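Everything on this sheet refers to the single structure shown next.
Worth knowing before you read on, the calculation uses all heavy atoms, side chains too, and leaves out hydrogens, waters and symmetry mates. The model shown is predicted, which means the values in this text are computed figures rather than measured ones. Residue numbers start from 1 in every chain, and the chains themselves are labelled A, B, ... in the order their sequence lines are given, proteins ahead of strands.
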Amino acid sequence: MPELPEVETIRRQLLPIYRGEIIDRVKTQKVRIFQNIAPEEFAKLLKGRKILDITRYGKFCIFNCGSAYAVFHLGMSGIFLKDKRDSFHPQHIHIQFHFSTGKELYFQDVRKFGKVWLFEEQPEFDKLGIDPTTRKFTLNNFQKLLNLRQMNIKFLLMNQSVLAGIGNIYANEILFNAGISPFRKSNDLKEEEIAGLYSSVRLILNQAMKKFGTSYSAYRTVSGEKGKNQRFLKVYQRTNQECYRCSNPIKKIVMGSRSTFYCENCQK
DNA sequence: TCTGACCTGCGA
DNA sequence: TCGCAGGTCAGA
C-alpha cells in the first residue's frame, strides 16, 4: 500500500525529527522482515550511531548512519510512528529505536510484508528502474522504456525494474488521468499518448505527495494520522460509481490478481 | 507471463 | 467463516 508518495511523506516527516539524533538503544522482534541480518545483530550494529540523513528511492526508505545504512521497504502495512499515541499496536511493533535525547521511533508492520536490510555501504538499487521524482525521469527516457517493451501498460507502470515507486492505486489513477486503457500494450502507444502518460505520472504522484499520501487501510503518517489523498481518487475503489468525467459507471476487473479500476468510456 | 504464497484485519 | 486487500518473489 505505501507507494512512492506515502514513503516520501514519511521521509519528509522523519528527517527534521531524527536527523542528527544518536541511537542509544534498538529493540527488535524476531520476525521475518529482517533480510540480510539477524534482528539482534541489526540492533547491535546501529547502537551508538548518528542518523546523518534519511533518503528514499522508489518505495525504499534509507537511514544513513555513516558506515551503516538501514534500508526499509514498508510492504503493505509498514509504518513509522514517533510515539505510542495514534495507530500504535504494541503486538505489531518489530523495531524500537531509542535516542539519546529521549526521542523514540517505532517500526510497526501488521502484515509483516515489510523488509529491512542493513548495509555497510550506500546501496545502489541497480535492479530498480527510474524513480519518477528524479532528473532521470525525462519524457525521452520514458519513451524509450515504453518502446523497448511489449508489455501491458498497467503492469509496466507497476514494474519496479522499469519505474520505481508506482503501485496499484497510482497506476489506476495515472491511467485514468491520461485517458489510456489499462489493456493497452506499452509499445502500442502513440507519441502524444506517451507524452500525456508522462505528465500524468508526474501530476498524480505530486498531487498525492501534497495530500500526504493515500490512506486506504494501514498507511499512516509518522504522527499516526491518515493521509488525505484518498478523498481525491478518481477510479480506485470506485466500482460502479459515476465517472467524474462522463458519468458512466467505473468498472473493476482483476488483472494479474490485482484489482484494476477504469472508465470504459474515458480510457481508450 | 502468470499464479500462488506470504500475512493479518476487516467486513460481508 | 471466508474472501479481499496488494508488494514482492519464486516457480510453473
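Under the rule for a ring-ring contact (aromatic ring centres under 6.0 Å, His included), the partners of Phe125(A) that lie at least two apart in sequence or sit in another chain are Tyr57(A), Phe60(A). Lys234(A) is linked by a salt bridge (Lys or Arg N to Asp or Glu O under 4.0 Å) to nothing, counting only residues two or more places apart in sequence or in another chain. With sequence neighbours left out, the salt bridge (Lys or Arg N to Asp or Glu O under 4.0 Å) criterion links Arg11(A) to Glu8(A). A search for salt bridge (Lys or Arg N to Asp or Glu O under 4.0 Å) contacts involving Glu242(A) returns nothing, not counting sequence neighbours. Every residue two or more places apart in sequence or in another chain that forms a salt bridge (Lys or Arg N to Asp or Glu O under 4.0 Å) with Asp83(A) is listed here: Arg85(A).
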*Produce a footprint string for nucleotides 7-12 of chain C: one letter per nucleotide, 5' end first; B if the base is under 4.0 Å from any protein heavy atom, S if only the sugar-phosphate is, - if neither.*
BB----
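Ring to ring, Phe34(A) and Phe42(A) are close: their centroids are under 6.0 angstrom apart. Two rings, from Tyr69(A) and Phe119(A), have their centers 6.0 Å or more apart.
For residues 168-181 of chain A, the set of pairs meeting the side chain to side chain donor-acceptor pair (under 3.5 Å) definition, not counting sequence neighbours, comprises Glu6(A)-Tyr170(A), Lys154(A)-Asn168(A), Asn168(A)-Asn172(A), Tyr170(A)-Thr214(A), Asn177(A)-Ser200(A). Sorted by first and then second residue, the side chain to side chain donor-acceptor pair (under 3.5 Å) pairs involving residues 156-166 of chain A (not counting sequence neighbours) are Asn159(A)-Ser161(A). Sorted by first then second residue, the side chain to side chain donor-acceptor pair (under 3.5 Å) pairs that include residues 29-41 of chain A, not counting sequence neighbours, number zero.
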Indicate every side-chain donor-acceptor pair of residues 13-27 of chain A with a distance under 3.5 Å to a residue at least two apart or in another chain.
{"residue": "Gln13(A)", "atom": "OE1", "partner": "Val222(A)", "partner atom": "N", "Å": "2.8"}
{"residue": "Tyr18(A)", "atom": "OH", "partner": "Glu104(A)", "partner atom": "O", "Å": "2.6"}
{"residue": "Glu21(A)", "atom": "OE1", "partner": "Thr101(A)", "partner atom": "OG1", "Å": "2.4"}
{"residue": "Glu21(A)", "atom": "OE2", "partner": "Thr101(A)", "partner atom": "OG1", "Å": "3.4"}
{"residue": "Glu21(A)", "atom": "OE2", "partner": "Lys103(A)", "partner atom": "NZ", "Å": "3.2"}

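Note: CD (Gln237(A)) to P (dA5(C)) measures 7 Å, nearest angstrom.
Closest-nucleotide positions on DNA chain B for Arg111(A) and Phe155(A) were compared, and the one nearer the 5' end corresponds to Phe155(A).
Running 5' to 3' along DNA chain B, contacts with non-hydrogen atoms of chain A at under 4.0 Å begin and end at dT1(B) to dG9(B).
Residue contacts for Lys252(A): at a heavy-atom cut-off of 4.0 Å it reaches the sugar-phosphate backbone alone, with no base atom in range. Among the heavy atoms of the strands lying under 4.0 Å from Gln150(A) are primed sugar atoms or P, OP1, OP2 only; no base atom is included. Contacts of Ser77(A) with the nucleic acid, taken as non-hydrogen atoms under 4.0 Å apart, are absent.
Between its opening and closing five pairs, the helix from dT1(B)-dA12(C) to dA12(B)-dT1(C) changes axis direction by 60°, a value rounded to 10 degrees.
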